[in-house]
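In what follows, a structure is listed as structure tokens, so that the remarks can point back to it.
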Amino acid sequence: MVRVLIEQIETYAKENKVPIMLPDGICFLEKYIKEHQVKKILELGTAIGYSAIRMALVSKDIQIVTIERDKERYQKAIENIQKAELQNQIQVFNQDIMDFETKEQFDLIFIDAAKSQYIKFFEKFSSNLISGGTIISDNLNFHGYTKQETKIESKNLRQMVGKIRNYIEFLKENKEFKTTFLELGDGIGISVKL
Ligand code: SAM
């Protein structure tokens, strides 16, 4: 039953150009959550609830807080979460991530929102992560552009790619976290708090 819903969300995302995690990225995330017995997740960037639903389905013990600023996507996420009967596991907030405040501690923070703000997001919420906890960042390859050696013509795209490259450097140099980069989905960073 929920499998059908997941397929419907995937189709809706494709038809309405809503970016959701790629298949091998979300499979990796599910596996990571299971193997590390993750129980509390903060997700930055809900879109229509696809990744939150898939993460919550890993185990009934998992609690997820997720944030989305776009009203229409937020409403669609609420609708999908209700259809999946996961309201008791997933809490969605309709606001900008930078305005969201919490004192809660999480085992895992999943960053999947505006790429230009990844460093800010990381710094804002790293104190909400337990020691030994993980921050997972998606889209670090940005469709292959972050590794492109030739000059990118579009100025906007060049700036965006520059910001992601800065974030990758920030992760490599961060002494409080150990980051591993994986060529999965659109490029994933796994940063473990030391
Ligand atoms: N995690 C989702 C999934 O795989 O199903 C996909 C999230 S999508 C890639 C990124 C979402 O983050 C977009 O829906 C966008 O509106 C939202 N977003 C981007 N920057 C944000 C911000 N500063 N505050 C809140 N939401 C933001």
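First listed ligand is number 1; within each ligand, the first listed atom is number 1. Residue numbers count from 1 along this sequence. In what follows, every heavy atom counts, from backbone to side chain, and hydrogens, waters and symmetry copies are set aside.
Note on ligand 1: Arg73 sits in its first shell, one or more heavy atoms being nearer than 4.0 Å. Remark: distances from the non-hydrogen atoms of Thr46 to ligand 1 include one below 4.0 Å. Ligand 1 has at least one atom lying under 4.0 Å from a heavy atom of Gln95.
A donor-acceptor contact closer than 3.5 angstrom is absent between the side chains of Tyr118 and Ser137. Side-chain N/O atoms of Thr66 and Gln91 include no donor and acceptor closer than 3.5 Å. A side-chain donor-acceptor contact under 3.5 Å links Glu183 and Asn141.
Proximity of Phe121 to ligand 1, defined as any heavy-atom pair under 4.0 Å, is confined to the side chain (atoms from C-beta onward).
If you number the atoms of ligand 1 from 1 as listed, the ones under 4.0 Å from a heavy atom of Met21 come out as 3 (C), 4 (O). Of all atoms in ligand 1, listed by their number and element, those nearer than 4.0 Å to a heavy atom of Gln117 are 23 (N). Every atom of ligand 1 is numbered from 1 in the order shown, and the set under 4.0 Å from a heavy atom of Tyr50 is 5 (O).
Nearest to atom 24 (N) of ligand 1 by heavy-atom distance, out of Asn80, Val18, Asn94, Ile97, is Ile97. Nearest residue to atom 9 (C) of ligand 1 from Gly45, Pro19, Ala13, Ala77 is Pro19 (criterion: closest heavy atom).
Looking at ligand 1, you'll find an N or O of Asp96 within less than 3.5 Å of one of its N or O atoms. No N or O atom of Lys115 sits closer than 3.5 Å to an N or O atom of ligand 1.
For atom 15 (C) of ligand 1, the closest heavy atom belonging to the protein is Glu68 OE2, 3.5 Å. Nearest non-hydrogen protein atom to atom 18 (N) of ligand 1 is Ala113 CB, 3.8 Å.
Considering only heavy atoms from C-beta on, Ser59 stays 4.5 Å or farther from Gln37 through its side chain.
Lys83 and Glu79 are joined by a salt bridge, as a carboxylate oxygen and a charged side-chain nitrogen come within less than 4.0 angstrom of each other. By the 4.0 Å N-to-carboxylate-O rule, Lys193 lies too far from Glu176 to be salt-bridged with it. Ion pair Glu68/Lys76 not flagged as a salt bridge, since none of the NZ, NE, NH1 or NH2 atoms sits closer than 4.0 Å to an Asp/Glu carboxylate oxygen.
In this structure, Phe125 and Phe100 have tilted ring planes: the angle between them lies in the 30° to 60° band.
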